[in-house]
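Structure record follows, encoded as structure tokens.
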Amino acid sequence: MTISCSDSFLELAPESYTNSSGFYKTESHFEMAVTGTYESLRSITNDRGRWLLTDQRSDNAHYDYYAANRGTGSAVSLEHIADFIDEEDNRHANNFYYNCYEGISRANTILDRIEGVELDADFEASVIGEAKFLRAFFYFDLVRLYGGVPLYLNEVQTADEAFLPRASVEEVYAQIESDVTDAISKLDAPSFPQDGRATQGAARMLLAKVLMTKPSRDFAGAETQLREIMKMGYDLLPDYADIYDPANKNHRESIFEVQYQEGDQGQESNFAYRFFPKTGNDLLVTGLGSNILTRGGWNMPTQEMVDSYGEGDERLAKSIAVAVGSADGNGMIVIEDVLNPEDAAIDNYQLKRYFVKKYLHPHSKPYNMDENWPFYRYADALLMLSECLLEQSKGDQGLPYLNEVRSRAGLEPVGTLTDDVIANERRHELAFEAHRWFDLLRTDKAIEVMTAFGERTKAMYPYLQDRTYDISSDKLLYAIPYREMQLNDELEQNPGY
Amino acid sequence: MSPFVKSQTGRIMRLTFLFLLAGLLQVTASSFGQNTKLSFELQNVAVREVMQAIETQSKFRFAYSSEIIDLERKVDLSLKDQSIDQTLKALFEGSGITYEVSDRLVMLYGKTDRLNAQQQNVTMTGKVTDSSGEPLPGVAVIIKGTTQGTITDLDGNYSISNVPVTGTLVFSFVGMRSQEISVSGKSTINVVMAEDAIGIEEVVAIAYGTQKKRDITGSVQNVNAEELQSIPVGQFAQKLQGQVAGVQINQTTGQPGEGMLFRIRGATSINADNQPLFVVDGFPIVGGINNINPDEIQSYTVLKDASATSLYGSRAGNGVILITTKRAKKGRTDFNFNAYYGVQSTPERGRPDLMNARQFAQYQKEFFEDKIRYEGWKNADGEAVVPVPYQNPSQYGDGTDWYDVMLQTAPIQSYSLSATSRKDKFVSAVVGSYFKQDGVMLNTSFERFSLRGNSEYSVNDHIKIGFNIAPSLQISENQNTDGFREIIGTAVTVSPILSPWDENGDLRLELSAPNMFAQPNWYRVLTEQENKRTKLHLLTNSFLELDIIDGLKYKFQAGVELESEHLKSFSPSTVGGRLGQAPPQPAEGEYNTGYYYSWLIENILTYSKSFDKHNVELLAGYTSQKYLWEGSDLSGTDYPDDEISWLDAAATTTGGSRTSAWTMLSYISRLNYNYANKYYFQATFRRDGSSRFGANNKWATFPSFSAGWILSEEDFFQNISSKINYMKLRASYGITGNNNIGNYSHIAGVAAANYVFGGTLQAGKALTGLGNSELTWEETTQFDVGLDLGFFKDRLFLKYDYYRKSTDNLLYQLDIPMASGFSNVQYNVGQIDFWGHEISLETKNMVNDFKWSTNINLAFNENEVKQLGTEDVPIGGYDNAGDINRLAVGEPVGVFMGYVYDGIYMTEEEFNTQPKHASSEVGTVRMKDISRDGIIDEKDRTIIGDPNPDLVFGIMNEFSYRNFDLSIVMSGVVGGDIIARSYENTNNLDGVFNVETNVADRWRSLENPGDGIVPRTKAGTTELFRFNNTRWVSDGTHLAIKNVTLGYTLSPKKYIKRARFYLSGQQLAIITKYTGGNPEVSSGLNWNGLGVDNTAYPVPRTFTIGCNLNF
């Protein structure tokens, strides 16, 4: 053997998986790369995902306290988020940050690598549009939950490029606006039936939310976007429960949702299992009979949340159910029946546990469900439009949109639009869809609402230590992950951590 | 541990030292005196007979020429207690014979011959045998100071003429200790050659060849496998423990067939592997070699410094262990049968000290009393009462010892038959064996069938060919016993009130108790799970050797290593689930297969030439090797029931397959030169090309240089050579590499990231990491100086080495902010320095009827991290729980990170005046405020332990007296911390686990504050006590009595040449302060996991009876 053939002898590339050298070259590669970027949406929603940092942090939900499970593991760190005693090493708050950036990095790689590759112009526009929409989507979550985060806008190829300082909140919003504006120009309006891809409708919805949330609010701008959405053919589904039925995925009311699929292809969702009561046997809830003592018990509707639904609001029983039964040795529920929250029979049982049932549909294996996670719905757009109009002192014009939503819920129309009316409507219409905490932040109500909620909750549960629910403005942002702080000298931690 | 045991050991060690000294002194004394007294009462006997009688009664020997002395002359002799002088005078008076006594030699002269006696020559004959009485052919017999000599024939006989009567014969044979015997007038000299264990003339395996020990200029240590024969273990690494200075071998777990880890000279890398390269008969092994049958092995050679290892280039950075398998001895046919049977059990020492049922109920009762008092706790019915099972602790006895429930006394057995033969042009060795070890934990075992055949043919004087083939089959059953919260770690935390069996004696499905997690019945998990691994391993090796011209040889070698591995596992519905998740859980099954092959081709030319006093040896070679692995995993779910465990019964199966490969091309060369066997020089050079490295760094060069000087050959040394017979100074310098970094690390992978659109699965992809085309070898430069000293003809042999090495270009997983989309990138940036002293001392303290030899080896290793990445950011040790070890510049590798335990806040005043954690209250744990900011938080985590031992040592003593032999092997370390992570469970204060008995004395109130060590149980305050902290760290210093064997040898002569029977005890005792069972425990010997006790399978104590039969 001689040197010349020895060189080829020494050149081996992995055969059973793709490697980067041959990738990002063809249309199909970019199609796969964009698909891969959507996949990060699953990371931020599944299991202990987006609901944890939003709904679980809000006044909609508390959790089922499992006294035995005090491990250094995940349970306690989930509670810390709900109790406002999370620290910079809270693994769930950290993971959400990482997962958002995973999506951003995938989008960045596409946007960098597509330059200089000969592709069909329309195809290239749609790839760029989707990548920019997704990048903006992830940054919007980050800026709301962590403040001004580092702005990574290019593929990181060497270690040196990986260390960036934080940008200001304004800079992040400016980048999001720029990305989403470009995405709007490149994405098509929705065509029905939709398939779950980002559309111009989703991008306009994102932009409207950004404009309503950024430090210098722009309700007029948001109104423009929302009115464009009105023209795109979206509509409310007649039955509130149908919104969540996997049989109707990407329906007319859906503007953007994360796609899941039951089965063995790794596309299933399991977040709903987090919402079922902690119990040794979940047969009466899921029909399958698993032990979900450590898995379940999160994001559980509080009694006051249940009570806050108006008389006759059909959404209550379509969103929430109650498991009733007796206590096991650890005081955890042994489920004897699952009832409607308004059922008087509840009082006949030793224990009751409210749980989110929106996302509960028949499935054949534990933790393997077909449920999509809704991000944007037309009902949300209607309520946002009401709010934009009210904020521009055009409350009268906004009223019909709100009442359209109420009417679907079987409620009487309201006569006057106020901040509270809108907030209350949003709380129920969008319950447990990860909106409540963002709404509290956006409307500057978080400290007030959560401090009061904390006082009531602590009075009910002696296991809550004094230091819980000590809510200052510091607690409106999560900490930049401890690991990032340790590694990157250029980062500054959020105050209070 | 009782103080008694400790002081006993101290005494034994002192005694050992005294004996050692006594042995040394005895060597220097002359053992023969002139005052021997002789008595005779002889009538009419020949002079010859008298002379024989004198030789029988005393140690005197006669030297004479029969031509001048009338041996048949009849004499009468009546003497009582006379000296030799008087005896000789009486015998030869009047015969004209004169005599001279010199030491034990009596020389007889005729009247005229006395002046010519010096020139007198005789013919000597005799027979040479080995220690077992077997004739030795081919032994060189040379008249000292001449070139005249002969060799023994097939029956071990020799005949050599023209030997001066005052001359000396030198007997030498490879692998045997040379002997010099003075002729002293004898005509027959029969010699028993002893195998040369420490002799400097012994030839040992080195990289790509063999060399006499005296000629080696590097740091090389050889172990003869025969000496380890009666250590009853399945893995050779267990036998090597404590045998070689600088080689730390830890048995990190007692799982049958598992857990042996090597670390030569403290080798540590960050991402790459630390295991040395194993080379079996010249073939660098790819897979694990731990389970090769130890009976196939003839010797081990450990290569430590760069000059010894660097011919293995990019794989030599962690040291090299050469294994030479059995070869036939010259001219002999041997059949050996070795067998042993033993019983293993788990020692009492080191078991977890947890509460029994009564103590535990009391603890729970108090736990709830405190919960009611401090937290207003009520049960589900709204009542503030202690749960019923805990209300009356006195109703319980000891309850279940969950550790003990999982244990059994288990047999271990081994049978091995070998036939070795060397006849004419054919040499063959065949070894077949069966080994079976049942585990001391239920449902665990290891079984091995193995065969090896080594053959060599000499086609003619110039051509030799050889074939080695070694197939083996290994079947093991091991459960997930080891690790944090795996079976052992979790089972021991179950309430001792609960039993694996219910009232009817049936196995429970679920274990649940108030305030505790419902969990599976761990007895069932251990016994009902199936986890069967089957490995078929084949190693083949063939060679052709040509003598081209005088001194020039060519060797072609080709070999293939093959392994096929199958893992079948099944968890029935009765065992699924974990902590907090009780069965029934859906049954799950897996069937994973993988196989690899690695082929190697070597072409080697050697040339050796001596002219005058210059001796030169050259080697040049070219090798190529390829490794390819393919494997598949299948897993099944949705089983209808637990009856059929194969995947055919599963309604759903999923699977995948994958492959991985590497290739390597190398050029090697070596020059050995010595002048007059005094001054030595060696240079080696290897150039490796590897597929594993980036396009820009495919090739690298590994040179080494070494020199030696044998001072004892110098003239100026001769006047002390009777005391110091051998002295060599050595020095070496060289570069080696470590390529164990994964096959494709330089290439960024793209992995599937699929997503569903419109209800249809769409293929998606995303980068999985950052590539680095500059990626290359880790490079270790090593400097070594050594001194070898042999005293009193090697009765005492001392070897000393100082080394200093620096591993640079460490393959470093540079952590980067995850906001980049990736958690790290592979870089060659990092440096760790290692240095240390190694001493090994072999002594033959007593050599007569009572033989005693000692081998002591000591290694003092140190290391320091010099550089990490570009920014020196520490790696690891960031989390409060789990993530313990850290690499930080200026520190030894793998130091422990955690809090410094500082007691508890015993009073209000202490609480009010001292730094606090967010969760602190009176009665909770206090950690030291290292950052001095008044707040206890993660900034107060600091270095709390160093897992690197200061000294690793081994002590072996061997005794023999007549037919008895006794050997004692001890090993241990000084320093090296251990952190027991199990305390995170067994010091848990939430009442959910069984806990250490000392938790009974915890803080309960100001009035009842306990012993000040364990804090209170109040909810929300207990977590800090579970974070890594100094309370879990203990000094790993220990002395282990690894093996004691007592043997008895018979030589029945008929049918059986030699039969030895022995009793042996393995892992007899450990003396240590560490409270866990196994101070060698470590989650690997990589930096990450070093010294961490995550709970491991106990290492059993074994008592064995065995035999070695030689036919």
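Below, read A as the first sequence line, B as the second, and so on, with proteins coming before strands; counting in each chain starts at 1. We use all heavy atoms of the structure for the numbers below, so side chains are in, but hydrogens, waters and symmetry mates are not.
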Quiz prompt | A:Arg295 vs A:Asp282, salt bridge (charged side-chain N to carboxylate O under 4.0 Å, His left out): CA-CA, chis, key distance, verdict | solution = CA-CA 11 Å; A:Arg295 189 117 182 179; A:Asp282 70 2; over 6 Å; no
Quiz item: Tell me, side chain or backbone of A:Glu79 under 4.5 Å from chain B's heavy atoms, or both, or neither?
Solution: neither
Quiz item: If you count heavy-atom pairs under 4.5 Å with chain B, which of A:Ala33, A:Ala159, A:Gly22, A:Gly331 comes out on top?
Solution: A:Ala159
Practice problem: Could you look at A:Ser290 and say if it's the side chain, the backbone, both or neither that has a heavy atom under 4.5 Å from chain B? | Solution: neither
Quiz prompt | Part of B:Pro387 within contact of chain A (heavy atom distance under 4.5 Å) | solution = neither
Quiz prompt | Residue selection (most heavy-atom pairs with chain B, distance under 4.5 Å) from A:Arg106, A:Glu31, A:His29 | solution = A:Arg106
Quiz item: Side chain, backbone, both or neither: which part of A:Gln157 has an atom under 4.5 Å from a heavy atom of chain B?
Solution: backbone
Practice problem: Check whether A:Arg197 gets within reach of chain B through its side chain, its backbone, both or neither, counting any heavy atom under 4.5 Å. | Solution: both
Quiz item: Donor-acceptor pair, A:Glu484 side chain versus B:Met818 backbone, under 3.5 Å?
Solution: yes
Quiz item: What is the ring orientation for B:Phe368 with B:Tyr390, classed by angle as parallel under 30°, tilted 30 to 60°, or perpendicular over 60°?
Solution: parallel
Quiz item: With respect to chain A, which residue among B:Val992, B:Thr663, B:Leu989 yields the maximal number of heavy-atom pairs within a distance under 4.5 Å?
Solution: B:Thr663
Self-check item: Atom group of B:Ser660 that falls short of 4.5 Å from chain A, counting heavy atoms
Solution: neither
Quiz item: Is there a side chain to side chain contact (heavy atoms under 4.5 Å, CB included) between B:Trp699 and B:Leu665 once you walk through the steps?
Solution: CA-CA 9 Å; B:Trp699 288 86; B:Leu665 288 179; 3.9 Å; yes
Practice problem: Pick one of side chain, backbone, both or neither for A:Glu161, based on which atoms fall under 4.5 Å of a heavy atom in chain B. | Solution: neither
Exercise. Please determine if B:Arg886 forms a cation-pi arrangement with B:Tyr878, meaning its NZ or CZ atom is less than 6.0 Å from the six-membered ring centre and no more than 45° off the ring axis.
Key: yes
Quiz item: Can you say whether A:Leu351 sits under 4.5 Å from chain B via the side chain, the backbone, both, or neither, judging by heavy atoms?
Solution: side chain
Quiz item: Given that the side chain runs from C-beta out, which part of B:Leu814 has a heavy atom under 4.5 Å from chain A: side chain, backbone, both or neither?
Solution: side chain
Exercise. Output yes when a side-chain donor or acceptor of A:Asn372 lies under 3.5 Å from a complementary backbone atom of A:Tyr260, and no otherwise.
Key: yes
Exercise. Verify the distance criterion only: is there a donor paired with an acceptor across the side chains of A:Glu15 and B:Thr659 at less than 3.5 Å?
Key: no
Quiz item: Given that the side chain runs from C-beta out, which part of A:Val149 has a heavy atom under 4.5 Å from chain B: side chain, backbone, both or neither?
Solution: neither
Quiz prompt | Contact winner vs chain A - B:Ala513, B:Ala751, B:Gly759, B:Ala918, heavy-atom pairs under 4.5 Å | solution = B:Ala918
Practice problem: Assess the side chains of B:Ser635 and B:Thr654: does a donor N or O sit below 3.5 Å from an acceptor N or O? | Solution: yes
Practice problem: Could you list the residues that satisfy salt bridge (Lys or Arg N to Asp or Glu O under 4.0 Å) with A:Asp264, not counting sequence neighbours? | Solution: A:Lys365
Quiz item: Salt bridge or not for B:Glu938 and B:Arg941, using N-O below 4.0 Å?
Solution: no
Practice problem: Against chain A, label B:Phe693 side chain, backbone, both or neither, depending on which of its atoms sit under 4.5 Å from a heavy atom there. | Solution: neither
Quiz item: Contact part of B:Thr652 toward chain A, heavy-atom cut-off under 4.5 Å: side chain, backbone, both or neither?
Solution: side chain
Quiz item: Does any N or O in the side chain of A:Tyr38 come within less than 3.5 Å of the main-chain N or O of A:Ala198, such that one atom is a donor and the other an acceptor?
Solution: yes
Practice problem: Pick one of side chain, backbone, both or neither for B:Tyr827, based on which atoms fall under 4.5 Å of a heavy atom in chain A. | Solution: side chain
Quiz prompt | Steps toward side chain to side chain contact (heavy atoms under 4.5 Å, CB included) verdict (A:Tyr17, B:Tyr744) | solution = CA-CA 11 Å; A:Tyr17 60 89; B:Tyr744 309 110; 3.6 Å; yes
Quiz item: Which answer fits B:Asn379, side chain, backbone, both or neither, if we ask what part of it has an atom under 4.5 Å from a heavy atom of chain A?
Solution: neither
Quiz item: Which one, B:Ser820, B:Gly758, B:Gly821, leads in non-hydrogen pairs under 4.5 Å with chain A?
Solution: B:Ser820
Quiz item: Where does B:Thr768 contact chain A at under 4.5 Å (heavy atoms): side chain, backbone, both or neither?
Solution: neither
Practice problem: For each of A:Asn330, A:Asn488, A:Leu464, tally heavy-atom pairs with chain B at distances under 4.5 Å, and name the one with the top tally. | Solution: A:Asn330
Self-check item: Contacting moiety of A:Glu262, where chain B heavy atoms sit under 4.5 Å
Solution: neither
Quiz item: Hey, which of B:Ala763, B:Pro586, B:Gly749 has the most heavy atom pairs under 4.5 Å with chain A?
Solution: B:Ala763
Practice problem: Could you tell me which portion of A:Ile333 (side chain, backbone, both or neither) has an atom closer than 4.5 angstrom to a non-hydrogen atom of chain B? | Solution: neither
Quiz prompt | Heavy-atom pair count under 4.5 Å with chain B, highest-scoring of A:Glu87, A:Arg42, A:Glu102, A:Lys249 | solution = A:Arg42
Self-check item: B:Leu770 portion near chain A, given a 4.5 angstrom heavy-atom threshold
Solution: side chain
Exercise. Can you tell which part of B:Asp381 gets under 4.5 Å to a heavy atom of chain A, answering side chain, backbone, both or neither?
Key: both
Quiz item: What do you reckon, are the aromatic ring centroids of A:Tyr497 and A:Tyr482 less than 6.0 Å apart?
Solution: no
Practice problem: Please list, chain by chain and in numerical order, all residues satisfying salt bridge (Lys or Arg N to Asp or Glu O under 4.0 Å) with B:Lys765, sequence neighbours excluded. | Solution: none
Practice problem: Could you have a look at B:Met516, B:Lys626, B:Gln762, B:Glu375 and say which one has the most heavy-atom pairs with chain A under 4.5 angstrom? | Solution: B:Met516
Self-check item: Engaged part of B:Val873 at the chain A interface, taking heavy atoms whose separation is under 4.5 Å
Solution: side chain
Quiz item: Quick one: of B:Gly769, B:Ala753, B:Ala819, who has the most non-hydrogen atom pairs under 4.5 Å with chain A?
Solution: B:Ala819
Self-check item: Part of B:Glu921 within contact of chain A (heavy atom distance under 4.5 Å)
Solution: side chain
Quiz item: Checking side chain to side chain donor-acceptor pair (under 3.5 Å) against B:Thr1022, which of B:Thr924, B:Asn988, B:Asp990, B:Thr1017 comes through?
Solution: B:Asp990
Quiz item: Between B:Asp638 and chain A, which part of the residue has a heavy atom less than 4.5 Å away: side chain, backbone, both or neither?
Solution: side chain
Quiz prompt | Within the 6.0 Å centroid threshold, strictly below: A:Tyr461 and A:Tyr65 | solution = no
Exercise. Could you tell me how the ring of A:Phe96 sits relative to the ring of A:Tyr146: parallel (under 30°), tilted (30 to 60°) or perpendicular (over 60°)?
Key: parallel
Quiz item: Given that the side chain runs from C-beta out, which part of B:Gln585 has a heavy atom under 4.5 Å from chain A: side chain, backbone, both or neither?
Solution: side chain
Quiz item: Hey, does the side chain of A:Asn99 reach the backbone of A:Asn95 with a donor-acceptor pair shorter than 3.5 angstrom?
Solution: yes
Exercise. Using only heavy-atom distances, determine whether the side chains of A:Gln259 and A:Asn250 contain a donor-acceptor pair under 3.5 Å.
Key: yes
Quiz item: Can you tell me if B:Gln364 uses its side chain to pair, donor with acceptor, with the backbone of B:Gly991 under 3.5 Å?
Solution: yes
Quiz item: If you tally heavy-atom pairs under 4.5 Å against chain B, which of A:Met332, A:Met485, A:Glu88, A:Gln194 wins?
Solution: A:Glu88
Quiz item: Among A:Leu491, A:Ile85, A:Thr294, which residue forms the greatest number of heavy-atom pairs with chain B at distances under 4.5 Å?
Solution: A:Thr294
